[in-house]
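Chain identifiers are assigned alphabetically (A, B, ...) following the order of the sequence lines, protein sequences preceding nucleic acid strands; residue numbering begins at 1 within each chain.
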Number of protein chains: 2
Amino acid sequence: MPPKDKLEKLKAFYTQLFPITEESWEVTRRVLTVRSYRKGDFLVREGDVCNYVSFINNGLIRVYYLVDGKEKIVRFSNEINYVSDYESFLTRRPALTFVQAMEDTEVVDISYPDLQMLYQKVPEANVLGRMIAEQLFIFMCNSNRAGIKESISERYTNLIAQQPWLLQRVPQYMIASYMGITPEALSRVRSRIQKKDAVLVN
Amino acid sequence: MPPKDKLEKLKAFYTQLFPITEESWEVTRRVLTVRSYRKGDFLVREGDVCNYVSFINNGLIRVYYLVDGKEKIVRFSNEINYVSDYESFLTRRPALTFVQAMEDTEVVDISYPDLQMLYQKVPEANVLGRMIAEQLFIFMCNSNRAGIKESISERYTNLIAQQPWLLQRVPQYMIASYMGITPEALSRVRSRIQKKDAVLVN
DNA sequence: ATCCGTTATTGATCAGGGTTAAGATTTCAG
DNA sequence: CTGAAATCTTAACCCTGATCAATAACGGAT
C-alpha cells in the first residue's frame, strides 16, 4: 500500500467529483501503486494491451499514433489528470498508440483486474468511473469541435489561452503535431499572428 | 409508463450490457417516455440545453454543427443506439449542435433529472451509465483514428464496409460532410475507386 | 410521361498546407 | 566558453481538396 502523502492529490481529485466513504477509500488504497518514469520512458507501446490507468502526481505525458514513421500526438496529460490508452484498457485489445513520459513523472496507477474488483466491491467506484468516462467524452467533444469549427490560427490562440503551460513544457513541433499540421505550417501561423498583433499595437 | 412492447429493444440492449434486476427495471420503466419524430424534426437545436438521452427504436438521426452556414455532420445514429447531445446533456450548457431526424423515428427517452434520480436509487444505473460513456469514448477514439491514420479513400471504403446501411439511407453529400470533405471531393474519390476496381477486374 | 427540385458528376481554377532544403537560433553537455 | 544536437524559421515549389460553375441523373408529385 502506497504512503499516504503520495495519494493526497488523487484523493482530492476523487472527493471533488464524488464523496467517498473512508472504508471505500481504504479498500481502494490497497490496490493503488506508485510508479516513477524517467523522461522518455514508455508507459504503453503500440501492440501492448494497456493494463493500467495512471493518475499523474507530477510530470507530463504524451499519447501519439505512429503513422508512416511520423508521430501524430493526440493528447498531453499533466499532473492531476489521468492518462492511459483507455481504449486498449477498456477493450483489452492491443494499443494502437504510444504513451510516453516527456518529463520525469510520478503516477499512481491501478490495474485492470483491480479496477474490476473495485467496480464490484465499492459502489462509489462505478460513479467515479462513470464521471471519468464522461469527462473524457466531453474533452474529446471539445477537441473534435476545435478541429471542425476553428481555423488553424484560432486553434493555436485558443490552445495557448487554455493550456498556457504547453508553451513552456512542449516543443513547438509537438504542438504542431497535436494540431495536426507540420512544424513549418505552425511557424508560419505564428509569424502571421505576430504581425497582426504588431499592427494592432501601433 | 410506456407499453411493454415499446421497451423491448431497450431492455435487451441493457441486459446485454449488464444484468438488471426486475425491481430496478420497474423503477426505470416509470421514467421512460416514448416519443415520435417526423422526418426533418429536430430533437435538439443549437442553443437548447439538451434534456434527454434517447434510445432509438427505429429511424435514423444525425448530429451536426453549423459552421459559416454549412452543416458539418459528426454522427449518424440508427435504431438500437443512443442519441443525444450528450455533451450538453452532461454539462447542462447550451448545445452547440443540431440533432435531427432523417427519417420518421421513434425513441424512448429519459430526462436529465430522472436519470440523476436513477443514479441515486438504482445501483445498476451507474454501471450502465459508465458502460455507455465508455462505449461512446471508444467510438470517438475510432473515428478520431480514422481521421488521423487513413487516407480519404480508405476512410470511405472502411465506412461503407462498417456501416453499409449508410449508403442506402444517407445521401452522398451528407456522407461527404461526415467525412469532412465536400460532395465534389467525395464524388471524385468514388470515381477513382471505381476505375481502380475496373482495372482489377480486367 | 412530364416536370421540378434534389442530388451527383465533371471540369477549371484557387488556396492552404505539405515537402524539401537551407539557414538561424536555442539548448545543453563537456 | 564552445561545439554539437535539437529546434525554429523562412522560402520555393508541389499537391490535394475547396470553390465556382455547368451539366447530368435521379425521384417524387401531378
Side-chain angles (χ1 to χ4, degrees), chain A residues 38-40 60 62 64-73 76 100-104 146-160 165-198, chain B residues 38-40 60 62 64-73 76 100-104 146-160 165-198:
Chain A
R38 307 292 295 277
K39 177 175 178 169
L60 178 57
R62 66 177 179 143
Y64 66 91
Y65 289 101
L66 200 57
V67 185
D68 304 328
K70 285 168 194 160
E71 301 173 351
K72 308 271 190 171
I73 297 173
F76 296 106
Q100 184 185 35
M102 296 179 58
E103 303 172 355
D104 293 353
I148 290 171
K149 301 191 82 162
E150 295 167 10
S151 73
I152 293 210
S153 63
E154 281 173 330
R155 283 187 63 186
Y156 181 71
T157 47
N158 289 339
L159 194 63
I160 60 177
W165 53 269
L166 278 179
L167 273 184
Q168 317 305 322
R169 297 167 75 179
V170 176
Q172 247 147 62
Y173 73 93
M174 288 196 187
I175 294 181
S177 167
Y178 182 62
M179 292 174 63
I181 60 176
T182 57
E184 294 89 336
L186 179 55
S187 182
R188 283 189 277 247
V189 167
R190 281 165 46 85
S191 76
R192 249 184 289 143
I193 291 173
Q194 224 162 16
K195 269 174 207 146
K196 206 186 298 170
D197 286 354
Chain B
R38 307 292 295 278
K39 177 176 178 168
L60 177 58
R62 67 175 179 145
Y64 64 91
Y65 290 101
L66 201 56
V67 186
D68 302 330
K70 285 169 196 160
E71 301 173 350
K72 307 269 189 173
I73 298 174
F76 297 107
Q100 185 185 34
M102 296 179 59
E103 303 172 356
D104 292 355
I148 290 172
K149 300 191 85 164
E150 295 167 12
S151 74
I152 291 208
S153 64
E154 281 174 329
R155 283 187 64 186
Y156 181 71
T157 48
N158 289 339
L159 194 64
I160 61 177
W165 54 269
L166 278 179
L167 272 185
Q168 316 305 322
R169 298 167 74 180
V170 176
Q172 246 147 64
Y173 74 92
M174 287 195 188
I175 293 181
S177 167
Y178 181 61
M179 293 175 62
I181 59 177
T182 58
E184 294 92 330
L186 179 56
S187 180
R188 281 187 265 258
V189 167
R190 280 165 46 84
S191 75
R192 250 183 289 145
I193 290 173
Q194 225 162 15
K195 270 175 209 148
K196 208 187 296 173
D197 287 353

- The side chain to side chain contact (heavy atoms under 4.5 Å, CB included) partners of B:Lys39 (sequence neighbours excluded) come to B:Asp104
- Could you check whether A:Ile152 gets within reach of a base, just the sugar-phosphate, or nothing at all, counting any heavy atom under 4.0 Å?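 Sugar-phosphate contact only.
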- Query: Which residues satisfy the side chain to side chain donor-acceptor pair (under 3.5 Å) test with B:Arg155, sequence neighbours excluded?
  - Reply: none
- Message: Can you list everything that forms a ring-ring contact (aromatic ring centres under 6.0 Å, His included) with B:Tyr156? Sequence neighbours excluded, please.
- Response: none
- Task: With sequence neighbours left out, write down each residue that passes ring-ring contact (aromatic ring centres under 6.0 Å, His included) with A:Tyr65, or none if nothing qualifies.
- Result: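 Scan of A:Tyr65 (ring-ring contact (aromatic ring centres under 6.0 Å, His included), adjacent residues dropped) gives none.
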- Apply salt bridge (Lys or Arg N to Asp or Glu O under 4.0 Å) to A:Glu154 and list each qualifying residue two or more places apart in sequence or on a separate chain.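 A:Glu154 satisfies salt bridge (Lys or Arg N to Asp or Glu O under 4.0 Å) with no residue once adjacent residues are dropped.
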- Message: Just the rounded figure in Å: distance from P of C:dG16 to CZ of A:Arg192.
- Response: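 After rounding, the reported distance stands at 8 Å.
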- Task: Using the salt bridge (charged side-chain N to carboxylate O under 4.0 Å, His left out) rule, collect all pairs that involve residues 169-182 of chain A, keeping only residues at least two apart or in two chains.
- Result: A:Glu79-A:Arg169, A:Glu103-A:Arg169
Distances under 3.5 Å between nitrogen or oxygen atoms of protein and nucleotides 23-28 of chain D:
none

Which pairs would a plain distance check flag for residues 173-185 of chain B, meaning a side-chain donor or acceptor within less than 3.5 Å of a matching protein atom at least two apart in sequence or in another chain?
unit_1	atom_1	unit_2	atom_2	d
B:Ser177	OG	B:Glu71	O	3.1
B:Ser177	OG	B:Ile73	N	2.9
B:Thr182	OG1	B:Ala185	N	3.2

- Between the axis at one end of the helix from C:dA1-D:dT30 to C:dG30-D:dC1 and the axis at the other (five pairs apiece), what's the angle to 10 degrees?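 Computed from the C1' atoms at both ends, the axes differ by 50°.
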- Message: How would you summarise protein contacts on nucleotides 20-30 of chain C per nucleotide, using B for base, S for sugar-phosphate only and - for none, with heavy-atom distances below 4.0 Å?
- Response: BB---------
- Near DNA chain D, which residues from residues 170-182 of chain A have a heavy atom under 4.0 Å away?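 The answer is A:Pro171, A:Gln172, A:Tyr173.
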- Query: Going by heavy atoms closer than 4.0 Å, what residues in residues 65-73 of chain A are next to DNA chain C?
  - Reply: A:Lys70
